[in-house]
Number of protein chains: 2
Amino acid sequence: MRKLKYAILGLINRKPMTGYDLTAEFDKALGSFWHAKHSQIYPELKKLTEENLITYETVIHGEKLEKKVYTITEKGKQELKNWILRDEPLEPTPKDVFKLRAYFIELMNKEEIILQFSRQLAKRQKKLEILKSAMEELLKTKDISNVISEEFGDYIVLKGAIMREQTYIDWLKECLDIVAKSSE
Amino acid sequence: MRKLKYAILGLINRKPMTGYDLTAEFDKALGSFWHAKHSQIYPELKKLTEENLITYETVIHGEKLEKKVYTITEKGKQELKNWILRDEPLEPTPKDVFKLRAYFIELMNKEEIILQFSRQLAKRQKKLEILKSAMEELLKTKDISNVISEEFGDYIVLKGAIMREQTYIDWLKECLDIVAKSSE
DNA sequence: TACACCATGTAAGGTGTTACATGATTTG
DNA sequence: CAAATCATGTAACACCTTACATGGTGTA
């Protein structure tokens, strides 16, 4: 599977970058559906280099600071193109710790349920606001009219993230509503 | 964090079960937000037993087949209750391989995009139908009027899963719509 | 009597997190 | 000049999957 491999190849294909840049990308745009720490990224870059899917050039920044700027190879592009067209079975549903707690709702009393759901709601609303700001920024600065473009890719995943968070919020509100109205 | 620990404690708290039963539960109801293989469950059961959070009784089924039926202890109940009330920061967004592909949309042509999104749509629609059938069954056989009950827990997580899948489908349709209408 | 299902476990390896470790550059 | 950020790496450990390994029970 090696999914991190393709996440990295895809990003480096967009434009050459360092391991540090990749880490930052995973914290920004991709953060709404993928993430990885630098401790996982650096070894993977080493592996991809050994497999001749990427190459690097050492660039000196300032006096001494060495950066490794990675570029995708033809072989890397081929593998990436091949992966993107693959038809794979649906992944198992992602794990959700809050829903695990919600499932065992019988362990809480009414007040405790309302407290837990309200706290989750506040966190999700905050997250949704951040995503919405990112979307506003994207629409202001980028042209998404061409569907075969990086910008359109950025747009659809952000759109998906906003829709997902909004639905999670709707679900939380619905649960809260039922609980609040119950006589228990 | 040992989340599997609490998933198992919660299930055994509902009623005593074997490792095999737990595995089956993770494939059914909980499947919409949690899962684990038996190879992970058996070692965890051993660990929880050593920690005195659960105990087991060996039951002979038929002539020789030995089953270990696990029961939660008072200590286990306390830990579970304590965990369920905890306030933890939002988990990082779950990884989504399809969205990773969608993000790198610039690597596909219009036909390929439509093919990939249509295939995903078909799989998600099938999954949604299964979830809806499960909900129909649940509403027919269980009483969810008491919010402090296992049945209500079953209901809300299933409801959440249906909403999540419906939104994913809406997103896929919206993407397909934009792509289909594009002149590219 | 074969096949599906019940039942429990271990081993090897891949994936991911936290912590350890070090040093340079930029900005207030 | 201190703090934030840039930059790269390794080690230990936790988590999770795939495959290996074994045997019993129910049913068509």
Side-chain angles (χ1 to χ4, degrees), chain A residues 1-8 12 16-28 30-31 33-51 54 56-70 88-97 100, chain B residues 1-8 12 16-28 30-31 33-51 54 56-70 88-97 100:
Chain A
M1 328 250 159
R2 293 190 54 201
K3 294 157 208 162
L4 179 59
K5 166 179 165 178
Y6 298 102
I8 291 177
I12 295 180
M17 14 177 134
T18 67
Y20 189 87
D21 295 333
L22 286 164
T23 310
E25 283 298 314
F26 282 120
D27 287 336
K28 281 189 291 182
L30 270 86
F33 62 94
W34 209 268
H35 54 95
K37 312 266 155 111
H38 76 276
S39 54
Q40 206 188 347
I41 291 169
Y42 289 113
E44 187 66 31
L45 284 170
K46 204 175 174 181
K47 211 170 171 184
L48 294 173
T49 305
E50 282 161 9
E51 293 169 317
I54 54 176
Y56 68 88
E57 196 192 352
T58 305
V59 173
I60 304 286
H61 179 77
E63 283 291 297
K64 309 183 201 168
L65 188 63
E66 292 191 353
K67 292 208 270 186
K68 288 184 182 173
V69 181
Y70 290 89
E88 281 165 4
L90 225 49
E91 299 273 300
T93 308
K95 291 173 182 178
D96 184 330
V97 188
L100 188 61
Chain B
M1 324 259 157
R2 294 190 55 201
K3 294 156 207 163
L4 178 60
K5 166 179 166 177
Y6 298 102
I8 291 176
I12 294 180
M17 343 182 157
T18 66
Y20 189 88
D21 295 334
L22 286 164
T23 310
E25 282 299 312
F26 282 120
D27 288 336
K28 282 189 288 181
L30 271 84
F33 63 94
W34 209 268
H35 55 94
K37 312 267 155 108
H38 77 276
S39 54
Q40 208 188 344
I41 292 168
Y42 289 114
E44 187 66 31
L45 284 170
K46 204 175 173 181
K47 210 170 170 184
L48 294 173
T49 305
E50 283 161 9
E51 294 170 318
I54 54 176
Y56 67 88
E57 194 192 354
T58 304
V59 173
I60 303 288
H61 179 78
E63 282 293 297
K64 309 182 200 170
L65 187 63
E66 292 192 352
K67 292 208 269 186
K68 287 183 182 173
V69 181
Y70 290 89
E88 281 166 5
L90 223 50
E91 300 273 299
T93 309
K95 291 174 181 176
D96 183 330
V97 189
L100 187 61

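- Legend: residues meeting salt bridge (Lys or Arg N to Asp or Glu O under 4.0 Å) with Lys28(A), ordered by chain and number and at least two apart, are Glu25(A).
- To the nearest 0.5 Å, the span separating CD on Glu57(A) from OG1 on Thr18(A) amounts to 13.0 Å.
- A nucleotide of DNA chain D counts as in contact with chain A when one of its atoms lies under 4.0 Å from a heavy atom; the first and last such, 5' to 3', are dT5(D) to dC16(D).
- One atom, CD of Glu88(B), and another, C1' of dT17(C), lie 15 Å apart when rounded to the nearest Å.
- Taking the C1' atoms of five terminal pairs at each end of the helix from dT1(C)-dA28(D) to dG28(C)-dC1(D), the two resulting helix axes are inclined by 40°, rounded to 10°.
- As judged by a 4.0 angstrom heavy-atom cut-off over every strand, Lys95(B) is placed among residues touching the sugar-phosphate backbone only.
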Enumerate donor-acceptor pairs with a distance under 3.5 Å from any side-chain N or O in residues 43-50 of chain A to protein atoms, sequence neighbours excluded.
residue  : atom : partner  : partner atom : Å
Glu44(A) : OE2  : Arg2(A)  : NH2          : 2.7
Thr49(A) : OG1  : Leu45(A) : O            : 2.7

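- Across all strands, Lys46(B) comes closer than 4.0 Å only to sugar-phosphate atoms, never to a base (heavy-atom distances).
- At whole-Å resolution of the value, CE in Met1(B) and C1' in dT17(C) are 9 Å apart.
- A search for side-chain hydrogen bond (donor to acceptor under 3.5 Å, both in side chains) contacts involving Thr93(B) returns Lys127(A), not counting sequence neighbours.
- Remark: Lys37(B) NZ to Asp27(B) CG distance equals 8.5 Å, nearest 0.5 Å.
- Following rounding to the nearest Å, His38(A) (NE2) and dT22(C) (C1') show an atom-to-atom distance of 11 Å.
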Every protein N/O lying under 3.5 Å from an N/O of nucleotides 3-7 of chain C:
residue : atom : partner  : partner atom : Å
dC6(C)  : OP2  : Tyr20(B) : OH           : 2.6
dC6(C)  : O5'  : Tyr20(B) : OH           : 3.4
dA7(C)  : OP1  : Lys67(B) : NZ           : 2.8

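- For the pair Ile12(B)/Tyr56(B), no side-chain contact is recorded, criterion being any heavy-atom separation below 4.5 Å from C-beta on.
- In this structure, Lys3(B) places its NZ atom 10 Å from C1' of dT17(C), rounding to the nearest Å.
- Contacts of Leu65(A) classified as side-chain contact (heavy atoms from CB on, under 4.5 Å), with partners at least two apart in sequence or in another chain: His61(A).
- When rounded to the nearest whole Å, the span between CG of Leu22(B) and P of dT8(C) equals 9 Å.
- Straight-line distance from the CZ atom of Arg2(A) to the C1' atom of dG13(C): 13 Å, rounded to whole Å.
- With contacts defined as side-chain heavy-atom distances shorter than 4.5 Å, the pair Ile60(A)/Glu66(A) qualifies.
- Of the two residues contacting DNA chain C, namely Val69(B) and Pro92(B), the nearest-nucleotide position lying further toward the 5' end is that of Val69(B).
- Under the side-chain hydrogen bond (donor to acceptor under 3.5 Å, both in side chains) criterion, Lys5(A) pairs with Glu79(A), sequence neighbours left out.
- Contacts of Asp96(B) classified as side-chain contact (heavy atoms from CB on, under 4.5 Å), with partners at least two apart in sequence or in another chain: Phe33(A), Phe98(B), Lys99(B), Tyr168(B).
- For Lys37(A), no side-chain nitrogen or oxygen approaches OP1 or OP2 of dG16(C) to under 4.0 Å.
- Evaluation of the salt bridge (Lys or Arg N to Asp or Glu O under 4.0 Å) rule for Glu91(A) yields Lys3(A) as partners, not counting sequence neighbours.
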